[in-house]
Amino acid sequence: MKIDGTPYRSIWLDQDGWSVRIIDQTKLPWSFEILRLTTLEEAAHAIRSMLVRGAPLIGAAAAYALCLGLRADPATATLERGAEILRATRPTAVNLAWAIERMLVRLRHLPPERRVAAAYAEAGRIAAEDIAQNAAIGQAGLELIAHAAGGRRVNILTHCNAGWLATVDWGTALAPIYMAHDNGIDVHVYVDETRPRNQGAALTAWELGKHGVPHTLITDNAGGHLMQRGKVDMVIVGTDRVTRAGDVANKIGTYLKALAAQDAGVPFWVAVPSSTIDWAIRDGIAEIPIEERAASEVTMVTGRALDGSVATVRLCPKETPAANPAFDVTPARLVSGFITERGRCAASEGGLLSLFPEHR
Ligand code: MRU
C-alpha cells in the first residue's frame with residue numbers, strides 16, 4: 001500500500017539482500033520510522049514488544065528471524081533454539097507457530113551449508129503468499145460490500161488493526177474496504193479505538209487516512225449504540241486464530257462487538273487467511289491460549305501532548321492493579337461468515353471444509 005504516494009510493505013529485505021526492514025509500529029502515528037533487523041534476537045524483540053504485530057505479519061517476521069539466526073549459525077541446535085525463542089514471543093496468533101513450523105519442515109533435513117539460502121527463499125514465499133491471499137480476501141469481501149452498497153454509502157465497523165500494517169500487504173479485514181474504495185464504492189469505516197494499545201486509533205485511522213478512505217474514530221463502547229441506531233451495515237474484523245469449528249480469537253473486545261451485532265441484526269464477518277486456521281483444535285474458549293500483557297498498557301496511555309511532544313501518562317492512581325487479557329474468543333455461532341482467500345463460507349467446520357477440503 002502507499003504512504004504519501006510511495007509503495008510500502010510492512011516487512012522487506014534490505015538492499016544488502018539479508019537484513020530485514022520493518023516499520024516500527026510503536027511509533028505510529030507520531031513518526032514513521034524504519035528499522036533494520038540484523039539478528040534473531042532483535043527480530044524476537046520486535047515481535048514481543050509489538051514493533052511488528054498483527055497475526056500474518058508476526059508469522060512473516062518469525063520466518064525472517066530464522067533466516068537471520070541461521071546466517072549467524074546454520075547448525076541444527078541453533079535452528080531449533082531459535083524456533084523455541086520465537087514461539088514464546090506471542091502465544092495467541094497461530095500464524096507465528098504456523099510459519100515457524102513451515103520453516104522447520106523445509107530446513108531441518110537440509111545440510112547446514114544449504115540452510116541459509118533455503119530459509120530466505122521460504123520466508124520470501126511466506127511473505128508473497130500472504131500478499132496474494134490478502135488480495136484474494138479483498139476480492140471476496142468486495143463482492144459483499146458491493147452487494148450491500150446498491151448505490152449508497154456502506155458503513156463498516158472494524159476493531160483493532162487488520163489492515164496492511166498487520167499483514168505483509170493489503171490487510172485482511174481492511175483489504176475488501178480498500179478494494180471497495182478503489183472501485184468507487186462509497187465506503188465509510190467506524191474505527192474502534194481498541195484499548196488498551198489503541199491499534200484502531202493509532203494504526204487503522206492512520207492507514208485509512210493515508211489511503212483516503214472516509215472513517216470516524218469511536219470509543220470501544222460506542223459500537224453497540226451505533227448498531228442499534230442502524231448506523232452500521234456490517235462489521236468486518238480480522239483474527240489471530242480460528243478453530244476447526246469456527247471459533248474466532250481476536251483482539252480483546254471483539255466478542256462484545258459480535259454480541260451487539262447479533263442483537264442488532266448486523267452481519268458480523270471475519271476475514272481469515274488460511275494461515276490463521278488452527279485445524280488441530282475445535283473449542284476456542286478451552287483451547288486457544290490468551291496472551292496476558294503488562295498491566296502498564298492499561299494504566300498508562302501514550303499520545304501527543306499539546307506542546308507537540310509524545311508523552312505517556314498514567315490514567316489511574318499509582319497503586320491501582322490492572323489486568324490485561326489481550327484477546328478474546330467469539331464463538332462461531334455469533335459469526336455471520338468467513339471471508340477467506342478461497343471465497344466466503346459459513347463459520348462452521350462444514351463451512352471451512354467446503355473451501356479447504358484437504359483438511360477433512
Ligand atoms: O495485538 P495485535 O495488535 O497483534 O492484535 C492484532 C489483531 O488482533 C488483529 O485483528 C489480528 O491479528 C488480525 S491481523 C490481520
Side-chain angles (χ1 to χ4, degrees), residues 1 9-11 22-26 28 46-62 89-99 127 130-131 133-138 141 157-178 189 191-204 206-207 220 235-242 248-258 268-278 284 288-294 297-298 324-330 335 338-341:
M1 303 295 288
R9 289 165 42 160
S10 61
I11 191 164
I22 58 164
I23 299 164
D24 181 351
Q25 299 193 22
T26 63
L28 288 170
I47 297 170
R48 197 180 303 111
S49 303
M50 295 178 64
L51 281 63
V52 288
R53 30 66 53 202
L57 176 55
I58 61 177
T89 52
R90 297 199 70 192
T92 302
V94 77
N95 302 62
L96 184 75
W98 168 85
D130 182 61
I131 298 172
Q133 286 174 354
N134 298 331
I137 286 173
L157 185 143
T158 194
H159 192 66
C160 194
N161 172 263
W164 70 265
L165 286 169
T167 64
V168 181
D169 206 351
W170 277 111
T172 58
L174 295 195
I177 292 170
Y178 286 127
V189 186
V191 179
D192 283 353
E193 61 181 346
T194 318
R195 279 282 291 150
R197 290 185 65 101
N198 289 318
Q199 290 94 327
L203 306 177
T204 301
W206 182 81
E207 267 193 35
D220 292 327
V235 178
I236 310 180
V237 295
T239 172
D240 292 81
R241 193 185 298 226
V242 167
V248 172
N250 193 45
K251 183 51 55 192
I252 193 78
T254 303
Y255 172 48
L256 290 177
K257 293 294 129 67
F268 184 93
W269 289 92
V270 180
V272 191
S274 53
S275 52
T276 304
I277 305 171
D278 186 344
I288 298 178
I290 299 295
E291 178 179 6
E292 290 279 340
R293 293 190 64 86
E297 292 184 354
V298 177
N324 188 9
F327 298 92
D328 60 23
V329 174
T330 299
V335 178
F338 292 136
I339 310 170
T340 81
E341 73 266 22

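Just so you know, residue 1 is the first one in the sequence shown, and it goes up from there. The structure presented is a predicted model; accordingly, all values stated were derived computationally and were not measured. As the structure lists them, so they are numbered: ligands from 1, and atoms in each ligand from 1.
- R9 has its side chain out of reach of M1: every pair of non-hydrogen atoms, C-beta onward, lies at least 4.5 Å apart.
- At distances below 3.5 Å, not a single donor-acceptor pair connects side-chain atoms of Q25 with backbone N or O atoms of M50.
- Residues satisfying the ring-ring contact (aromatic ring centres under 6.0 Å, His included) test with F327, not counting sequence neighbours, are none.
- Using a 4.0 Å heavy-atom criterion, the residues that approach ligand 1 are M50, R53, G54, A55, P56, R90, C160, N161, A162, A166, T167, T172, Q199, G238, T239, D240, N250, K251, F327.
- Judged by distance alone, the side chain of D240 and the main-chain N or O of T92 form no donor-acceptor pair under 3.5 Å.
- Judged by distance alone, the side chain of D24 and the main-chain N or O of T26 form a donor-acceptor pair under 3.5 Å.
- Put simply, the side chain of T239 gets close to the backbone of A249: a donor and an acceptor are under 3.5 Å apart.
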